[in-house]
Amino acid sequence: MFILANLFPKIPLGPWVDSGIDWLTAHLSGLFDAIQKGGNAVMDTMTGALSAIPVWLFIIGITIFAILMFGKKWGVPFFTFIGLIIVENQGLWSDLMSTFTLVIISSLISVIIGVPLGIWMAKNETVNKIIQPILDFMQTMPAFVYLIPAVAFFGIGVVPGVFASVIFALPPTVRMSNLGIRQVPTDLVEAADSFGSTGKQKLFKVELPLAQGTIFSGINQTLMLALSMVVIASMIGAPGLGRGVLSAVQNADIGKGFVNGFSLVVLAIIIDRFTQKLNRTPADKSTPSKHHWKGWTALAVAVAMIGGGVVTSLTSASSQKESVKLVYVQWDSEVASSNVLAQAMRQHGYQVDLTPLDNSIMWQSIANGQADASVSAWLPNTHKAQYKKYKNDIDLLGPNLKGATTGLVVPKYMNVDSIADLKSEAGKKVTAIEPGAGVTKGAEKAIKDYGLNSQGWQVTPSSSGAMAVALGKAIKAKQDIVVTGWEPHWMFQKYDLKYLKDPKKSFGGAETINTMTRKDLKQDKPDAYKVLKKFKWTKEDMGKVMLDIQNGKSAKQAANTWIKNNQSKVDSWFK
């Protein structure tokens with residue numbers, strides 16, 4: 001079989017898919033833009049409406065709903081109340097509302113598509129045979145793959161997150177709807193036919209009521225799968241709790257990961273228990289309810305929550321000058337610079353939307369106008385490939401920090417001073433950060449340039465947080481370790497480190513961190529453009545912010561502390 005396979009040329013599946021995506025993007029760009037704008041409007045409105053409800057009123061209202069639904073079973077109401085209180089206590093309420101919006105919208109779309117499609121499959125065997133392998137493909141394809149066309153079609157934000165979530169979460173609803181209709185007893189269907197029922201009457205009066213339990217099970221699974229996509233969707237800018245989890249993973253922050261993960265668990269359990277309770281059997285529905293007061297109580301609570309949201313919306317005045325969308329790659333240095341600029345702009349009246357993204361998506365989002373600016377462009381080496389690809393579609397405003405460096409870094413106690421001196425240290429392994437990062441590519445180039453690959457050396461990608469944890473663990477045990485490093489970075493202030501000399505210039509020379517904006521920002525938002533143009537600081541400034549974050553402060557707290565201590569410098573950006 002292998003011999004036969006080698007007789008034929010390689011099938012260009014990858015290029016075919018790329019060509020198809022490019023064709024769709026070029027010819028249906030208007031449709032995708034309309035979907036994105038409409039989707040953003042709907043989801044922003046929903047998130048805004050949920051966030052406008054006072055937190056205490058929202059928590060009490062949901063708890064009352066749980067009491068009305070579960071009666072004397074106090075477990076769910078108690079968990080709902082305590083769980084939501086903890087989420088609010090951890091400062092994650094707005095993220096919870098964003099996540100709830102993403103899950104509800106993606107699940108609703110999945111149900112609208114999935115239930116009719118499942119019924120059609122049950123009624124038509126040809127359709128069933130065609131759709132089944134497509135569902136298999138959707139369920140087994142790694143979820144990360146869906147992010148690629150999502151970004152190509154819709155850019156960054158919640159809309160591509162919903163797109164990817166729908167693809168991943170749709171199959172259970174389709175399959176269970178198909179199964180539920182097929183499991184309706186044949187004799188009942190024949191009885192309906194014998195009484196002269198039309199197809200519509202038979203479907204809505206017999207089949208759907210009997211299949212309801214199975215269909216609701218599929219909907220419940222779809223809700224859970226949509227929740228599981230929250231973290232993955234955050235990689236392309238979807239807001240919510242997923243961002244916190246992703247940030248914790250990238251920075252190896254166990255506490256932050258647990259808190260955001262716990263909040264997701266609270267939301268998942270509440271949604272799961274409520275949807276299960278809504279799944280009433282036909283027998284339950286036929287029994288008249290003796291508790292009319294429950295319906296009136298639920299209505300009163302709903303009206304109170306809506307009223308509270310309306311009052312909050314009307315009484316909250318906005319004094320922001322402009323709305324600015326900043327994006328950044330989640331490296332320690334860029335977390336520091338982006339949060340300092342964002343907090344400074346907020347203090348001066350700007351509304352700032354700060355979104356962490358993958359490195360390549362960050363550049364793409366600015367080039368296609370999905371984001372306004374970034375202060376995270378490392379040039380001329382680290383982001384060389386991205387700059388070459390997008391330089392005609394962005395405005396480069398120049399350096400905001402000079403003297404940045406990248407290279408291979410080791411503890412000072414190691415008896416090696418140059419990349420050329422490496423023999424068998426650290427198990428012949430370079431601990432790197434993310435696979436797509438420029439410094440990781442530089443490490444791979446260095447391994448080849450110095451002939452270390454022939455000696456068994458390998459570059460092991462991880463994340464910036466995992467690399468820092470591995471470095472700290474090795475230093476504590478006085479073990480050898482070689483990592484990809486860059487400065488400014490807090491690890492140079494915390495540990496005694498040194499760069500390995502790079503005589504072959506595999507990593508290039510000194511770097512600058514630059515500010516870049518979308519092409520038309522100067523015309524659209526001239527005041528914000530001037531601020532971005534004037535934003536400049538030093539390695540020492542950035543190092544202080546990074547060290548504060550490393551020592552336990554949140555990025556916002558560290559940024560506010562630095563701004564307070566350097567108010568004159570900050571004010572100069574806005575003159």
Spacing of CD1 belonging to Ile105 relative to OG belonging to Ser107, to within rounding of 0.5 Å: 9.5 Å

Restricting to non-hydrogen atoms, name the atom on Val375 and the atom on Ile513 that form the minimum distance, rounded to 0.1 Å. O-CG2, 3.3 Å

Whether Asp395 and Arg518 form a salt bridge (side-chain N of Lys/Arg under 4.0 Å from carboxylate O of Asp/Glu) is what I want to check. no

Measure the shortest side-chain to side-chain distance between Pro356 and Val329 over non-hydrogen atoms and say whether it is less than 4.5 angstrom. no

Which heavy atom of Leu326 sits nearest to which heavy atom of Leu341, and what is that distance? CD1-CD2, 4.0 Å

For a 4.5 angstrom cut-off between non-hydrogen side-chain atoms, does Met362 reach Asp358? no

With rounding to the nearest 0.5 Å, note down the distance linking NZ in Lys494 to CG in Leu471. 9.5 Å

Closer than 3.5 angstrom, by distance alone: can the side chain of Ser228 be matched with the main-chain N or O of Leu225 as a donor-acceptor pair? yes

Min side-chain heavy-atom separation Lys533-Trp573 under 4.5 Å: no

Donor on one side chain, acceptor on other, Gln343 and Asn339, under 3.5 Å: no

Any heavy-atom pair between the side chains of Val266 and Ile86 that's under 4.5 Å? no

Report yes or no: does Glu425 contribute a side-chain atom to a donor-acceptor pair with the main-chain N or O of Lys423 at less than 3.5 Å? yes

Keeping the roles fixed (side chain from Ser462, backbone from Ala432), state whether a donor-acceptor pair exists under 3.5 Å. yes

Check step by step if side chain to side chain contact (heavy atoms under 4.5 Å, CB included) holds for Thr440 and Glu434. CA-CA 7 Å; Thr440 301; Glu434 291 80 7; 5.6 Å; no

Consider only side-chain N and O atoms of Tyr450 and Asp502, and report whether a donor and an acceptor are under 3.5 Å apart. yes

Within this structure, what is the OG1-CG distance for the pair Thr99 and Asn260, rounded to the nearest 0.5 Å? 8.5 Å

In terms of ring plane angle, is the pair Tyr350 and Phe574 parallel, tilted or perpendicular, where the classes change at 30° and 60°? tilted

Considering only heavy atoms from C-beta outward, does the side chain of Ile563 approach that of Gln567 to under 4.5 Å? yes

Side-chain heavy atoms of Asp417 within contact of Val410, under 4.5 Å: no

Go through the steps to decide whether Gln330 and Tyr328 satisfy the test side chain to side chain contact (heavy atoms under 4.5 Å, CB included), and finish with yes or no. CA-CA 6 Å; Gln330 195 120 2; Tyr328 65 100; 4.2 Å; yes

Say whether Lys553 and Thr561, considering side chains only, have a donor N or O and an acceptor N or O under 3.5 Å apart. yes

Using atom types as modelled and distance alone, determine if a side-chain donor or acceptor of Trp378 lies under 3.5 Å from a backbone N or O of Thr405. no

Under the ring pair (Phe, Tyr, Trp, His ring centres under 6.0 Å) rule, what do Tyr499 and Phe492 come out as? Steps first, then yes or no, please. CA-CA 10 Å; Tyr499 279 105; Phe492 287 92; 5.4 Å; yes

Counting N and O atoms only, with roles assigned by atom type, does the side chain of Ser106 sit under 3.5 Å from a partner on the main chain of Val103, one being a donor and the other an acceptor? yes

Do the side chains of Arg243 and Asp95 get nearer than 4.5 Å, heavy atoms only? no

Assess the side chains of Glu511 and Thr382: does a donor N or O sit below 3.5 Å from an acceptor N or O? yes

Quick check: are there more than 12 heavy atoms from other residues, nucleotides or ligands sitting under 6.0 Å from NZ of Lys448? no

Check whether Gln557 reaches the backbone of Ser554 with its side chain - one donor and one acceptor, N or O, closer than 3.5 Å. yes

Taking all atoms of both residues into account, what is the closest heavy-atom pair of Lys569 and Thr538, and its distance? NZ-CG2, 4.4 Å

CA sep, side-chain torsions, deciding dist, call: Ile394, Thr517, side chain to side chain contact (heavy atoms under 4.5 Å, CB included): CA-CA 6 Å; Ile394 65 169; Thr517 72; over 6 Å; no

Judged by atom type as modelled, is there a donor-acceptor pair below 3.5 Å linking the side chain of Lys525 to the main-chain atoms of Ser323? yes

If you look at every heavy atom in Pro488 and Ala404, which pair is closest and at what distance? CD-CB, 4.2 Å

Report the C-alpha distance between Ser94 and Met97 in whole Å, list the side-chain angles of each, state the deciding distance to 0.1 Å, and finish with yes or no for side chain to side chain contact (heavy atoms under 4.5 Å, CB included). CA-CA 5 Å; Ser94 61; Met97 294 299 99; 5.7 Å; no

Is a side-chain N or O of Lys428 found less than 3.5 angstrom from the main chain of Gln458, in a donor-acceptor match? no

Taking the side chain as everything from C-beta on, heavy atoms only, tell me whether Met138 gets closer than 4.5 Å to Leu170. yes

Just wondering, more than 12 heavy atoms not from Lys539 lying within 6.0 Å of its NZ? yes

Just how far is it from atom OG of Ser572 to atom NZ of Lys536, taken to the nearest 0.5 Å? 9.5 Å

May I ask you to decide whether Asp449 forms a salt bridge with Lys505, counting only side-chain N to carboxylate O separations under 4.0 Å? no

Can you confirm if the aromatic rings of Tyr413 and Tyr495 lie within a centre distance of less than 6.0 Å? no

Grab the two heavy atoms, one from Lys556 and one from Arg346, that are nearest each other, plus how far apart they are. CE-NH1, 3.8 Å

Between the main-chain N or O of Gly451 and the side-chain N or O of Ser454, is there a donor-acceptor pair closer than 3.5 Å? yes

Any donor-acceptor N or O pair under 3.5 Å, side chains Thr460, Thr431: no

Exercise: do Ser365 and Gln370 side chains pair donor with acceptor under 3.5 Å: no

Tell me whether Lys519 at atom NZ has more than 12 heavy atoms from other residues, nucleotides or ligands lying less than 6.0 Å away. yes

Mark yes or no for whether Asp541, through its side chain, and Trp537, through its backbone, hold a donor-acceptor pair below 3.5 Å. no

What's the separation between atom NE2 in His383 and atom NZ in Lys389, rounded to the nearest 0.5 Å? 13.5 Å

Where do Ile549 and Ala336 come nearest, in terms of heavy atoms and distance? CD1-CA, 4.5 Å

About how many Å separate NZ of Lys522 and CG of Asp524, when rounded to the nearest 0.5 Å? 13.0 Å

May I have the step-by-step check of side chain to side chain donor-acceptor pair (under 3.5 Å) for Thr47 and Thr101, ending in yes or no? CA-CA 6 Å; Thr47 302; Thr101 299; 2.9 Å; yes

Just wondering, are more than 12 heavy atoms of other shown residues or ligands nearer than 6.0 Å to CG in Asn415? no

